[in-house]
Amino acid sequence: MPTITVAGSSYDCTDEETVLDALSRHGVKVPNSCRKGACHSCMMRVMDGPVPAKAQAGLKENFVHEGYFLACQCQPDGDLTLASPNGAAAFQQATVVFAEPLADTVQRVILRPETALRYRAGQFVNLRRPDGLIRSYSLASLPDSVPEFEIHVKRLEGGAVSNWICDTLKPGSNVEIGAPMGTCFYLPARDPQNMLLIGTGTGLAPLFGIARDALLSGHQGDIHFYHGSRTREGLYFHHSLRDMHAAHGNFHYHPCVSGQDVPDDCIAGRADDIALQDSGDLAGWRVFLCGLPDMVHATRKQAYLKGASLADIHADAFELAARDEESATERTAATG
Ligand SMILES: Cc1cc2nc3c(=O)[nH]c(=O)nc-3n(C[C@H](O)[C@H](O)[C@H](O)COP(=O)(O)OP(=O)(O)OC[C@H]3O[C@@H](n4cnc5c(N)ncnc54)[C@H](O)[C@@H]3O)c2cc1C
């Protein structure tokens with residue numbers, strides 16, 4: 001049975017447990033949220049001992065080199081000595097400079113961090129509520145000369161943090177944010193590679209940044225952007241994306257409405273179904289998928305079966321926070 005040593009104390013870890021499970025069982029607080037390897041909020045750093053490759057999947061190269069790993073994905077093969085939790089995800093204060101609805105249930109929030117973020121369009125940040133609840137939000141903005149960055153938050157029924165953001169954060173409010181994370185971003189291509197972007201709901205946010213980044217970088221291949229929502233109102237950047245479609249010969253916007261009342265300028269059906277029907281062989285394409293986890297996981301598989309290589313499929317599934325005892329307690333304390 002491996003032993004995990006943190007800050008001079010040692011804890012046993014059963015063969016079935018992850019580092020996060022074991023430390024939580026022993027009462028060691030490690031920030032966490034989705035527990036599925038998506039939000040990266042449980043990132044820790046190994047000082048000594050072997051970390052399985054799975055625990056570093058999806059981390060930026062520099063994090064891997066420095067020994068960071070995801071505690072929720074790490075079932076240790078041997079004894080580990082770890083740096084104290086929190087060291088990796090250093091949080092800083094950010095001030096809200098703009099907060100307005102984009103649609104009935106989507107809030108646009110623009111924040112100015114104390115220290116400008118270094119990020120790539122499409123990455124996400126973890127936002128920490130004062131009571132410690134952490135949630136991830138993707139960056140819709142481009143890293144340019146201004147320090148402000150933008151997120152789009154969908155209000156979820158009963159959702160602890162999304163409702164707090166929509167109802168409480170106003171210009172002047174302060175929040176804590178972590179360092180930009182994730183590998184769902186654009187890198188300039190040598191060849192004119194075609195790109196397929198599929199997003200549902202606020203899955204638009206990272207894709208909007210990625211598409212603009214590609215266009216600004218002079219991307220030569222075709223860029224097909226599918227945004228899906230149940231209602232036309234949910235296609236909350238319809239006009240901006242239509243303008244991009246008109247302005248760039250290689251940018252193609254496909255607005256998809258899966259509910260009733262489909263306007264003439266939208267396509268009836270789910271964005272993922274329509275995108276996969278429209279596309280032929282995806283060999284050589286770059287694919288970006290963001291939004292509802294079921295859509296992202298199923299479409300990743302379909303894109304692979306249609307010929308896209310796994311290395312060319314970039315995805316952020318908007319996983320919900322795990323419903324574990326600790327989160328439940330925090331949620332009750334936070335909303336009660
Ligand atoms: C990498 C990443 C990027 C993301 N980017 C964005 C983004 O740009 N915009 C955005 O709006 N969201 C994004 N999310 C989702 C976001 O992090 C939050 O999960 C979301 O805002 C809901 O948080 P909440 O606290 O409001 O809801 P919660 O309080 O966590 O729960 C929401 C609702 O779901 C129910 N629920 C809770 N847990 C579960 C579960 N495990 N299974 C089923 N139901 C459950 C709750 O009872 C509640 O009704 C992203 C997530 C990830 C991992």
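Values reported hereafter were calculated over all heavy atoms of this structure, with side chains retained and with hydrogens, waters and symmetry mates removed. When a ligand or atom number is given, it counts from 1 through the structure's own listing order.
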Please check if the side chain of Q220 supplies one atom and the backbone of G218 the other of a donor-acceptor pair under 3.5 Å.
-> yes
Determine yes or no for a side-chain-to-main-chain donor-acceptor pair under 3.5 angstrom, with T299 supplying the side chain and D272 the backbone.
-> no
For ligand 1, the portion of [X] having any non-hydrogen atom under 4.0 Å away:
X    : answer
V161 : both
A322 : neither
F124 : side chain

Any N/O of T202 closer than 3.5 Å to an N/O of ligand 1?
-> yes
For ligand 1, is there an N or O atom under 3.5 Å from any N or O atom of D316?
-> no
Residue selection (non-hydrogen contact nearest atom 8 (O) of ligand 1) among C166, P293, C39, S138 =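 The nearest heavy atom belongs to S138.
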Please list, in number order, the atoms of ligand 1 under 4.0 Å from a heavy atom of [X].
X    : answer
V153 : 11 (O)
L156 : 22 (C), 32 (C)
E157 : 33 (C), 48 (C), 49 (O)
A38  : 1 (C), 53 (C)

Answer yes or no for A317: is there a heavy-atom contact with ligand 1 below 4.0 Å?
-> yes
E100 bridged to R108 by N-O distance under 4.0 Å = no
Can you name the ring pair (Phe, Tyr, Trp, His ring centres under 6.0 Å) partners of H254, sequence neighbours left out?
->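 H254 satisfies ring pair (Phe, Tyr, Trp, His ring centres under 6.0 Å) with H224, Y226 once adjacent residues are dropped.
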Check: residues 288-295 side-chain donor-acceptor pairs under 3.5 Å, at least two apart:
none

Could you tell me the separation between the CG atom of D79 and the OG atom of S10, rounded to the nearest 0.5 Å?
->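 Between atom CG of D79 and atom OG of S10 there are 8.5 Å.
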Under a 4.5 Å cut-off applied to non-hydrogen side-chain atoms, are R35 and T18 in contact?
->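 Side chain of R35 against side chain of T18, heavy atoms only: no contact under 4.5 Å found.
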Hydrophobic cluster membership, V106 vs F149, 4.5 Å side-chain cutoff | no
